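Comments concern the structure below.
Reckoned from all heavy atoms, side chains included, excluding hydrogens, waters and symmetry mates. Please read these numbers as outputs of a predicted model, since none were measured by experiment. A, B, ... follow the sequence lines: proteins, then strands. Residue 1 opens every chain.
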Amino acid sequence: MELSKNFEPQAIDDKWYKHWLDKQYFKSVPDSREAYTIVMPPPNVTGVLHMGHALNNTIQDILIRRARMEGKNTCWIPGTDHASIATEAKVVAMLRERGIIKSSLTREEFLAYAWEWKEKYGGIILQQLKKLGCSLDWDRTAFTMDKDYYASVVKIFIDLFNKGLIYRGKRMVNWDPVSLTALSDEEVIFKDVDSKLYYVNYLLTDGRPGITVATTRPETILGDVAICVSPADERYSSLIGKEVIVPIINRKIPIIADDYVTADFGTGALKITPAHDKNDHTIGLKHKLKAIDTLDLSGKFTAAELEEDHPGEQVLSYEGMDRFALRKKITEDIATLGQLEKIEEYKGQVGTSERTGAVIESKLSMQWFIDMQAFMKKNPQSLSAVMDDSIRFHPAKAKNTYNHWLENIKDWCISRQLWWGQRIPAWYDTAGNIYVSETEMEAREQAIKRNSAFAENSVLRQDEDVLDTWFSSWLWPMEVFKGISNPGNEDVKYYYPTTTLVTGQDIIFFWVARMVMAGYEYSSVAPFRDVYFTGMVRDKQGRKMSKQLGNSPDLLGLIDHYGADATRFGVMIASPAGNDILFDESSLEQGRNFNNKLWNALKLLKMWEGRQAASATASAEGEHDLFAIRWFRQRLNQVGCEVADLMLQFRLSEALKVIYSLIWDDFCSWYLEWAKPGFEQPIDQLIYQTTVDFFSELMLLLHPFMPFITEEIYHQLEERDDDICNKQIITYNGMEKDLLATGDLLKAAVTSLRDARNKQQLKPKEQIVLHVQAENENTYKTIEHLLVKQVNASSLNYTREAVAGSIGIVMGKDKFYIETTSPFDSSAQKENLVKELNHLQSFLIAIEKKLGNQQFLQNAKPDVLMMEQKKKSDAEVKIKLIGETLLTL
RNA sequence: GGGAGUUUAGCUCAGUUGGUUUAGAGCAUCUGCCUUACAAGCAGAGGGUCACAGGUUCGACUCCUGUAACUCCCA
């Protein structure tokens, strides 16, 4: 069959993916082999594939494919996350487009729409992963809202509640006024903003100017309950205990002192608004101050809590005004009163919602929390396992981040005011008593047992809220094997704990830490052994990929254009563990070029295939070519060992680099040239077959990184019944250093002779006579045939002295002389040698100085000393050689 | 404001307990080649006082201190 000029991935990719599926290579069932398990970080159910996923899943696929080829029973679980807030936001937006407002729907109606949406758009991303070649066990695809999964989440909530680790309380939470829900601390993203600092004067009760406060949020002024200063601040000491009047609302509030305030920010006086700021809330509690909330759930002004102040018309006119409009309006009104001293530009930070981008309000609200202090006390291994490397982080520096977070852990707000998700299994009676149980029936039984006033027909109302998405995903490694819903089943016993987790550093707290916690609480072991953190994918200029910037490439488009293998190569070649990768399409081009290189090597072999000669001719001539074979065998061993070692250390990018260079440089540029028969000559059968075997072995090494082309070439090389996909990789050990050194000598000789030819502008076709003055002639005997061939020499002679009228080249401790019929100019040659000589002489001086240093001689280790002495003698030999050569020029 | 990390060739990065011929790779650049698989290629070459300033040491890219810039995390 005629092979195409270049590698054409499209048809080949699909063909092999289908073949692998047909052969069920990705399907795993427990057996006697060692398991290698990865659970995919479940992407949002409505997600589409982007660069981050490509990187993440390529890495997982490489690990899984390598493990499969090492004889492990590999199981890679695909799945999606219901992503309550993100998905609900999308469904709400979709409904709005169709003219439906969420509040007009019942919970059941809304959920019906949500499920419809999920069925239609959910899991597109999983289909897209097939394009990338991901070898996932599709039969095990999981979803965090599957029936069993849902039940497990509820079960865990009840269990933690019964253990006293979950409580309900009115606390300051992060409130998203757009999606109308509480958020955990981790879901709040702090952003730098240009804001303003407003200086407002609060008058004393007698009408005299009292104290000036700097605030970034004048709109909350109507909720002020105190002014706080530092007790050490002498400017204000006389004012402490006095009262001032809040502008507009005319409320009298005290001036108090607290160490929390630092004298050098703003004016040194802080307004205390406990309903709208976390720190103010803390101070409020300490000083027993009331919290007056002046914003409703969507961040609009409400006077509902201001009744005691008998608000006037002005205040009532603010009703329903958005917080940002209100800020402007109140500022104007304070200015009108003459109490606005000045406005300064200020660079501050605001918290925004990770999902909606809305500016977060701190808000007092009744929510469910996990008591993390108590939880950690019960499961201290959650921290220690990472610190003592029972769970290994790659890169290890992520341990610091992990440690810092866990040491300062805060309670986890797990309730969300949403409908899409696992509904909180708590029921309330009319008296407000709480009953936590799986069903209303059980809640009712509890109520009757605990509460004599509760009658058969009394009303029970289930909590309206759902649980934080991460409260379900922290069970992922266990529940994908039904470890919670069906504890102790065969799958969970075999596959759990999983082997490796591959995920982004950005969700180390959200997800990794919590999985570890859940792992210890519910299985007494860590859920995984190694965690590989990928960096963030950025664009060429180092910017984050975002929809707004429009700098995230269309991944499927790239795969169509370059092929899956080139895409995987491009993503991997530039991504050391834990470092951000700067995505540049040119690395995909490099991948595509690599494909072509492989393809052309295949074409060369196919050409040879039809031109084989019986191996009997491998007598005198063939002998020489055996060096190429013996040498490349050693290079394969060497790189095979290196790759195995790098894979163990999760240095995947480097592993790919050494394989790339082995194939491109050693195999294509050197080995194939050495093995190549003369023009239109047949190839020795033995050499041909060995070359096919080498190429196959290379494909085996490369397969985890570039699965499609390697499978194709593996089958193109020979008719075969097996597939590379589940073939066992060769275990490499040991190598012959002498052979490798001789190979290096040959390469160096060829390179320096070619360089000399270049510098003398000898045409490639022009033959030369080569004279070798070698320290060790025998080494050259095994390679002289190849040397002659590669530098286009008509003959090679050994000599003990300089050859007059030739071009002299010094390579290490050996010398070459090129005899040529064309005239040559020795000046360039001379210049080079002088440069080299200068270099060596200063090098020698440095070494002699070192060796003349008594303290060095006393302190240095013997082998270091010996090395220095060898350097010295080597340099002396070389200097002598160059000196002699210069004399002949 | 607190913490962590980074700074090595034009770019992206290696450099594993301080000594391995006065720092390596890929990409990019330059020179010469359509040489019987490959111009998406081949053969060569050039390019770095290892951010800066001190210190420890016989010896520092490597260890310590400080400074600067950038990145991330937390408040």
OP1 or OP2 of B:rA43 sitting under 4.0 Å from any side-chain N/O of A:W670? no

So, is A:R538 near the phosphate of B:rU12, with a side-chain N or O under 4.0 Å from OP1 or OP2? no

With the side chain defined as heavy atoms from C-beta on, A:R754 is closest, among B:rA43, B:rA37, B:rA39, to B:rA43

For the pair A:F594 and A:W664, name the ring-plane relationship: parallel under 30°, tilted 30 to 60°, perpendicular over 60°. parallel

What's A:N853 touching, base or sugar-phosphate or nothing? Going by heavy atoms closer than 4.0 Å. sugar-phosphate

May I have the distance from A:Q858 (atom CD) to B:rG59 (atom P), rounded to whole angstrom? 13 Å

Check the distance between B:rG44's C1' and A:N792's CG and give it to me in whole angstrom. 16 Å

Give the intermediate values and the outcome of side-chain hydrogen bond (donor to acceptor under 3.5 Å, both in side chains) for residues A:N174 and A:K278. CA-CA 9 Å; A:N174 308 297; A:K278 267 186 196 167; 3.2 Å; yes

Using the side chain to side chain donor-acceptor pair (under 3.5 Å) rule, pick out the option among A:Q760, A:R757, A:Q767, A:E766 that qualifies with A:T820. A:E766

So, does the side chain of A:S587 form a donor-acceptor pair with the base of B:rU12 at under 3.5 Å? no

Can you classify the ring geometry of A:W470 versus A:F510 as parallel (below 30°), tilted (30 to 60°) or perpendicular (above 60°)? parallel

Could you tell me how far apart A:N403 (CG) and B:rC74 (C1') are, to the nearest whole angstrom? 13 Å

Between A:K747 and A:D666, does any NZ, NE, NH1 or NH2 come within less than 4.0 Å of an OD or OE carboxylate oxygen? yes

For A:F594, report the nucleic acid contact type (base, sugar-phosphate, nothing); a contact means any heavy atom under 4.0 Å. nothing

Closest of B:rA14, B:rA45, B:rU36 to the A:E654 side chain is B:rA14

For RNA chain B, what string of dots and brackets results from 5' to 3' when Watson-Crick and G-U pairs need both distances under 3.5 Å, crossing pairs get [ ], and pairs with another strand get |? (((((((..((((.....[....)))).(((((.......))))).....(((((..]....)))))))))))).

Could you tell me how far B:rC72 sits from B:rA25 if I compare only their P atoms? Round to whole Å. 32 Å

From CD1 of A:I713 over to P of B:rC38, roughly how many Å is that when rounded to an integer? 16 Å

Here the distance between atom P of B:rA43 and atom CD1 of A:I768, to the nearest Å, is 17 Å

Using the C1' atom in both, what is the distance from B:rU29 to B:rA9, to the nearest Å? 11 Å

Interatomic distance, A:K5 NZ vs B:rA37 C1' [rounded to whole Å]: 11 Å

Determine whether a donor-acceptor pair (N or O, by modelled atom type, separation under 3.5 Å) exists between the side chain of A:D506 and the backbone of A:M536. no

Heavy atoms of other groups near A:D738 CG, more than 12 under 6.0 Å: no

Pairwise C1' distance, B:rA14 and B:rC64 [rounded to whole Å]: 25 Å

Whether A:K850 engages the ring of A:F856 as a cation-pi pair (distance to the six-membered ring centre under 6.0 angstrom, angle to the ring normal within 45°) should be assessed. yes

Check the surroundings of atom CD in A:Q761: do more than 12 heavy atoms from other residues, nucleotides or ligands lie under 6.0 Å from it? no

Taking for each residue the nucleotide of RNA chain B with the nearest heavy atom, is it A:N596 or A:K278 whose nucleotide lies nearer the 5' end? A:N596

Would you list the protein and nucleotides 24-31 of chain B atom pairs, both N or O, that sit under 3.5 Å from each other?
residue, atom, partner, partner atom, Å
B:rG26, O2', A:Q590, NE2, 3.0

Assign each of A:S669 and A:E673 to its nearest nucleotide of RNA chain B by heavy atoms, then name whichever residue's nucleotide is nearer the 5' end. A:E673

Between N or O atoms, less than 3.5 Å apart, protein on one side and nucleotides 17-21 of chain B on the other: list the pairs.
residue, atom, partner, partner atom, Å
B:rU21, N3, A:D874, OD2, 3.2
B:rU21, O4, A:K870, NZ, 2.9
B:rU21, O4, A:D874, OD2, 2.6

Of all the choices, B:rG44, B:rG2, B:rA37, which nucleotide is nearest to the side chain of A:H404 once you look at every atom? B:rG2

Applying side chain to side chain donor-acceptor pair (under 3.5 Å), name anything that partners A:Q681, two or more places apart in sequence or on another chain. none

Taking only side-chain nitrogens and oxygens of A:R592, does any of them come within less than 4.0 Å of OP1 or OP2 of B:rA40? no

Could you tell me whether A:Q10 atom CD has more than 12 heavy atoms of other residues or ligands within 6.0 Å of it? yes

With a 4.0 Å cut-off on heavy atoms, is A:N6 in touch with a base, just the backbone sugar-phosphate, or nothing at all? base

Any side-chain to backbone donor/acceptor pair from A:S362 onto A:H276? Under 3.5 Å, distance only. no

In terms of ring plane angle, is the pair A:H839 and A:F843 parallel, tilted or perpendicular, where the classes change at 30° and 60°? parallel

Rounded to whole angstrom, note down the P distance from B:rG5 over to B:rG47. 36 Å

What's A:W608 touching, base or sugar-phosphate or nothing? Going by heavy atoms closer than 4.0 Å. nothing

Does B:rC42 have its OP1 or OP2 closer than 4.0 Å to a side-chain nitrogen or oxygen of A:K597? yes

Under the side chain to side chain donor-acceptor pair (under 3.5 Å) definition, can you give me all pairs with a residue in residues 854-866 of chain A, not counting sequence neighbours? none

So what does A:Q649 touch, heavy atoms closer than 4.0 Å: a base, only the sugar-phosphate, or nothing? nothing

To the nearest angstrom, how far is A:F510 atom CZ from B:rC73 atom C1'? 12 Å

So if I take every side-chain heavy atom of A:Q855 and compare against B:rA39, B:rA37, B:rC58, which nucleotide ends up nearest? B:rC58

Nearest-angstrom distance, C1' atom, B:rA23 to B:rG15: 8 Å

Within 45° of the six-membered ring axis of A:W412 and under 6.0 Å from that ring's centre, is NZ or CZ of A:R514 located there? yes

Nearest whole angstrom, please: distance from the P of B:rG32 to the CG of A:D755. 15 Å

Gap in Å between the two P atoms, one belonging to B:rC27 and one to B:rC63, rounded: 30 Å

When the C1' atoms of B:rC52 and B:rA43 are compared, how many Å lie between them, rounded to an integer? 41 Å

Salt bridge flag under 4.0 Å for residues A:D755 and A:K759: yes

Please encode protein proximity along nucleotides 4-9 of chain B as a string of B, S and -, counting only heavy-atom distances under 4.0 Å. SS----

Which whole number of Å gives the distance between the C1' atom of B:rU20 and that of B:rC61? 15 Å

Evaluate A:F393 against A:F533 for ring pair (Phe, Tyr, Trp, His ring centres under 6.0 Å), listing each step before the verdict. CA-CA 8 Å; A:F393 277 11; A:F533 288 106; 5.0 Å; yes

